[in-house]
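Below: the structure, in structure tokens.
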Amino acid sequence: MLTFIGLGLFDEYDISLKGLEAVREADLVYAEFYTSCLMGTNPEKMEKLYGKKVHLLFREDVEQQPTWLDEAKDKNVVFLTGGDTMVSTTHVDLRLRAEKLGIETHLIHGASIASAVSGLTGLQNYRFGKSASIPYPYESRRGARIISETPYDTIKKNSELGLHTMVFLDIDKDKGYMTVNHALELLLEVENRRGEGIMDRAVAVGIARAGSEKPVVKADYAENLKGFDFGKPLHILVVPGKLHFLEAEALVKLASGPEEIMEETE
Ligand SMILES: C[S@@+](CC[C@H](N)C(=O)[O-])C[C@H]1O[C@@H](n2cnc3c(N)ncnc32)[C@H](O)[C@@H]1O
């Protein structure tokens, strides 16, 4: 049996009681922290709470050669991830591989950044369009610095429809956790190149450490927000589309956003 367990957003205590019980009953505990991670804890603290050894898996172990899956044929195996295991991950692939091997699979959900964003900003979840992810720039074979323009295009399409965009930020094993500041610099660099007026006039919202006792939520024009100190990771960015008046009020009152956004609401 293989049970996918979402660990929630910040520390080892964010796991549900159902999840905790399942981990304690498991024969083997695997975890991956490359799609998301809990910044308020570490594997040692988790092991202490669970009373179990946590075996860490890397992207290759999950997405290419999940040989460890075979153990779930005759053992009770749990697989842990930050947030909810199936939100903005490709872990459904792992579930399908397990089912093909005749392994019974179960899900135990965790709080996800996808819902925390609406909770913290007041932006309504049904007014979001397609999400985007910003990867770190990379070097072409000729040594040119390449910035992906896909997130800019997604924001543009959503904003034309009046929809908000949730922008996930890269987690790279060498370059670390991308900040809201870096993400805005990259989007503004694309804006400078293309001059389509999407980002330079946009109000953006940065969120740091959702799920912690003191998450930071700040709204401002992208140009101003890129210099704001959000503190430690994880960070996420939202580019709102057309605002309902309640959403605008929430951004002003709860995220210290600029008052003039109240003037152009639905
Ligand atoms: C690819 S998504 C995976 C989401 C995860 N499966 C979930 O349900 O929460 C991970 C990205 O979401 C954002 N994120 C996740 N947890 C966060 C948190 N507690 N605070 C701020 N941003 C977070 C970061 O940008 C991170 O790189």
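Along the sequence shown, residues carry numbers from 1. Just so you know, ligand 1 is whichever comes first in the structure, and atom 1 is the first atom listed for that ligand.
- Following chains of ILVMFWY side-chain contacts shorter than 4.5 Å, one can reach L56 starting from I15, so the two form part of one hydrophobic cluster.
- Judged purely by distance below 3.5 Å, without hydrogens or angles, the side chains of E71 and Y30 pair a donor atom with an acceptor atom.
- No chain of hydrophobic side-chain contacts below 4.5 Å, direct or via other Ile, Leu, Val, Met, Phe, Trp or Tyr residues, connects F10 to L7.
- Interface of T35 with ligand 1, defined as ligand atoms under 4.0 Å from a residue heavy atom, comprises 1 (C), 2 (S), 3 (C), 10 (C).
- Going from atom CD of E32 over to atom CZ of F58 covers 11.0 Å, rounded to the nearest 0.5 Å.
- Near A210, the atoms of ligand 1 lying under 4.0 angstrom from a non-hydrogen atom of the residue are 18 (C), 19 (N), 20 (N), 21 (C).
- A ring-centre distance under 6.0 Å is not found for Y136 and Y138.
- Short contacts between ligand 1 and I171, defined as distances under 4.0 Å to a heavy atom of the residue, involve ligand atoms 27 (O).
- The distance criterion of under 3.5 Å between nitrogen or oxygen atoms is met by S112 with respect to ligand 1.
- Within the 4.0 Å heavy-atom criterion, the part of R209 lying near ligand 1 is the backbone and not the side chain.
- By the 4.5 Å heavy-atom criterion applied to side chains, M178 and L186 are counted as neighbours.
- Taking the six-membered ring where the residue is Trp, F79 and F4 present perpendicular rings, their angle passing 60° and hence far from 30°.
- Of the candidates D14, I236, T179, D84, it is I236 that places a heavy atom closest to atom 13 (C) of ligand 1.
- In this structure, E149 pairs ionically with R194, as a charged nitrogen and a carboxylate oxygen lie closer than 4.0 Å.
- The distance from ligand 1 to the heavy atoms of V87 drops below 4.0 Å at these ligand atoms: 3 (C), 4 (C), 5 (C), 6 (N), 8 (O).
- Under a 4.0 angstrom heavy-atom cut-off, F168 registers as being in contact with ligand 1.
- In H235, the part holding a heavy atom less than 4.0 Å from any atom of ligand 1 is the backbone.
- Of the N or O atoms in I113, one or more lie within a sub-3.5 Å distance of an N or O in ligand 1.
- The nearest protein atom to atom 15 (C) of ligand 1, hydrogens excluded, is given as S36 OG, 3.3 Å; this is a heavy-atom distance.
- Atoms of ligand 1 lying under 4.0 Å from at least one heavy atom of G82, given by number and element, are 5 (C), 6 (N).
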